[in-house]
Amino acid sequence: MEKTNEDVLVLAIESSCDETAASVVKNGRTILSNIISSQIELHKLYGGVVPEIASRKHIEKINQVIEEALKEADVTLDDLDAIGVTYGPGLVGALLVGVAEAKAISFAKDIPLVGVHHIEGHISANYIEHPDLEPPFLCLVVSGGHTHLVIVKDYGAFEILGRTRDDAAGEAFDKVARAIGLGYPGGPKIDRLSKEGNAYAFDFPKAKVDEAPYDFSFSGVKSAVLNHLNKCKMQGEDIVAADVAASFQRCVVEVLVEHAIAAAKDHKIDKLAIAGGVGSNSGLRTAMEEACRNNKIQFYHPSPIFCTDNAAMIGVAAYYEYQKGTRHGLDLNAIPNLRLGER
Ligand code: KG4
Ligand code: ZN
């Protein structure tokens, strides 16, 4: 790879949950490599992520994944300007693997270490394929662990307008999928099955949180689905899984779209992005696109590969943090409940 003196090359590592990932990012927006080793097949056996198994798999895979990322980008550790790593939030044992690896490389090669907030990474995924996108904009973050409505005021500067009071959107997808027997991870399976079902077969409740118009609550809809399934079983009725999936998805998507559009209008923001694993949901994309069009809001979303956990998004976030002067020492620790905007 040709590298000029002005080029900034970041190696990024992501290991907060069940993907071991490494990526080389040039000047914040050009992805030279994006290697992801997924553990999904392993965790499927247990119906969800088993933290202890995740940590062990990260240890097994991380060196190989980093080597591949460097090779594909055609760079060596000596070419790097910084190393970015997710240090929270996430599973502590899983995070520690990435953090320890990044610290070792930073120390051995004497390159700056930049710790990255996982959600800042998800938001930054939008910069990869939208060279024109710059803050300020509104971002709906919907992942397996988080549901946040955020104003991105500047690179790495956030104002949180709303968050979930209970389950994250992805968590609700996963739990409902398990209940209708689709297995883990549920989001993509519900998405697929919804296409064959009637989204108006059932009217599951759409919870509103009093006094907090941008907050979310998904435990109500999840319980309503579980109650419906139990009732069917007890009365010996057939369960039409596709209708349940489609109605559940419509309900969640409607809440997400309504909140996001209301926040954009209330705050007079004309750019709206989505981020996180649920951001690849086809129903959400279609509904959000239409709502944005109707309200003259520019809509941004990353490709599915940049929605679910990956290290390219961490590299992008690390680049902007690096440019702002963020540096972490070798005492950087994994912080499982790190809040957005905290250091
Ligand atoms: O962002 P992510 O990879 O990990 C976290 O940071 O949590 O999100 C994973 C979540 C899982 O709950 C998964 O079921 C959900 O994203 N997901 C989807 C879709 N693809 C992944 N949910 C709905 N529709 C999808 N197409
Ligand atoms: Zn994530």
Side-chain angles (χ1 to χ4, degrees), residues 12-21 23 34 36-40 43-44 47-49 51 54 85-91 94-95 98 116-126 139-148 150 163-164 167-180 182-195 197 199 216 218 221-222 245-246 248-257 273-288 301-314 316-317 336-338 340:
I13 300 172
E14 155 64 40
S15 69
S16 66
C17 191
D18 59 348
E19 334 276 352
T20 320
S23 165
N34 185 28
I36 305 171
S37 167
S38 173
Q39 306 176 358
I40 283 179
H43 297 289
K44 249 184 198 166
V49 178
V85 63
T86 306
Y87 72 110
L91 304 169
L95 288 164
V116 172
H117 191 289
H118 183 73
I119 298 301
E120 185 173 339
H122 273 302
I123 293 169
S124 303
N126 280 286
C139 189
L140 173 71
V141 186
V142 271
S143 72
H146 302 87
T147 306
H148 281 80
V150 182
R163 50 160 57 90
T164 181
D167 291 345
E171 201 179 345
F173 268 93
D174 292 337
K175 286 177 180 167
V176 165
R178 189 190 298 186
I180 47 181
L182 299 177
Y184 179 84
K189 292 182 173 158
I190 293 214
D191 194 354
R192 228 169 292 136
L193 189 59
S194 289
K195 297 196 168 87
F216 302 94
F218 296 111
V221 55
K222 179 195 68 188
F248 161 76
Q249 179 169 297
R250 173 183 62 84
C251 172
V252 172
V253 164
E254 281 178 4
V255 171
L256 293 173
V257 172
I274 52 175
V278 185
S280 58
N281 182 270
S282 59
L284 176 62
R285 281 170 183 247
T286 309
M288 197 66 101
H301 60 80
S303 294
I305 189 69
F306 297 123
C307 280
T308 41
D309 288 349
N310 66 87
M313 66 183 197
I314 302 302
V316 176
N337 55 357
L338 184 67
L340 192 62

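Whatever order the structure lists them in is the order used to number ligands and atoms, beginning at 1. Just so you know, these numbers use all the heavy atoms, side chains as well, and skip hydrogens, waters and symmetry mates.
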Under the side chain to side chain contact (heavy atoms under 4.5 Å, CB included) test, residues paired with Thr308 that sit two or more places apart: none
Parallel, tilted or perpendicular: ring planes of Phe218 versus Phe216, cut at 30 and 60 degrees: parallel
Side-chain donor-acceptor contact under 3.5 Å, Asn281 with Gln249: yes
Atoms of ligand 1 close to His118 [distance to a heavy atom under 4.0 angstrom, numbered from 1]: 6 (O)
Value rounded to 0.5 Å, distance of CD1 in Ile180 from NZ in Lys175: 15.0 Å
Ligand 1 N/O within reach of Ser282 N/O, cut-off under 3.5 Å: no
Check: Gly276 N/O within less than 3.5 Å of ligand 1 N/O: no
Listed partners of Ala273 passing side chain to side chain contact (heavy atoms under 4.5 Å, CB included), at least two apart: Asn126, Phe137, Cys139, Tyr300
Nearest non-hydrogen protein atom, atom 21 (C) of ligand 1: Gly277 O, 3.4 Å
Residues in ring pair (Phe, Tyr, Trp, His ring centres under 6.0 Å) contact with Phe248, at least two apart in sequence or another chain: Phe173
From Ser16 atom OG to Leu338 atom CG, the distance as rounded to the nearest 0.5 Å: 11.0 Å
Minimum-distance protein heavy atom relative to atom 18 (C) of ligand 1: Gly187 CA, 3.5 Å
OG1 on Thr86 to CD1 on Ile13, rounded to 0.5 Å: 9.0 Å
Ligand 1-proximal atoms of Asp174, by part, heavy-atom distance under 4.0 Å: side chain
Exceeds 12 heavy-atom contacts within 6.0 angstrom, atom CZ of Arg285: yes
Gap separating the CE atom of Met313 from the CG atom of Asn34, nearest 0.5 angstrom: 9.5 Å
Contact check: Gly145 vs ligand 1, nitrogen or oxygen atoms, below 3.5 angstrom: yes
Nearest-neighbour protein heavy atom for atom 24 (N) of ligand 1, which is reported as residue plus atom name and distance: Asn281 ND2, 2.9 Å
Ile40 atom CD1: more than 12 heavy-atom contacts under 6.0 Å: yes
Under 4.0 Å to a heavy atom of Thr308 - the qualifying atoms of ligand 1, by number: 3 (O)
From Leu182 atom CG to Arg192 atom CZ, the distance as rounded to the nearest 0.5 Å: 9.5 Å
Separation between SG of Cys17 and CG of Leu95, rounded to the nearest 0.5 Å: 9.0 Å
Nitrogen or oxygen of Gly170 less than 3.5 angstrom from that of ligand 1: yes
Heavy-atom gap Cys17 to ligand 1 smaller than 4.0 Å: no
Part of His122 with heavy atoms under 4.0 Å of ligand 1, whether side chain, backbone, both or neither: side chain
Nearest-contact summary for atom 26 (N) of ligand 1 - protein heavy atom, Å: Asp191 OD2, 2.9 Å
Arg192 to ligand 1, any heavy atom closer than 4.0 Å: no
Asp309 contact mode with ligand 1 (heavy-atom cut-off under 4.0 Å): both
Tally, protein N/O/S atoms nearer to the Zn ion (ligand 2) than 2.8 Å: 3
Under-4.0 Å heavy-atom contact with ligand 1, by part of His146 that carries it: neither
Ser37 and Gln39 side chains, donor-acceptor separation under 3.5 Å: no
For atom 8 (O) of ligand 1, the option (of Pro304, Gly144, Ser38, Ser16) bearing the nearest heavy atom: Gly144
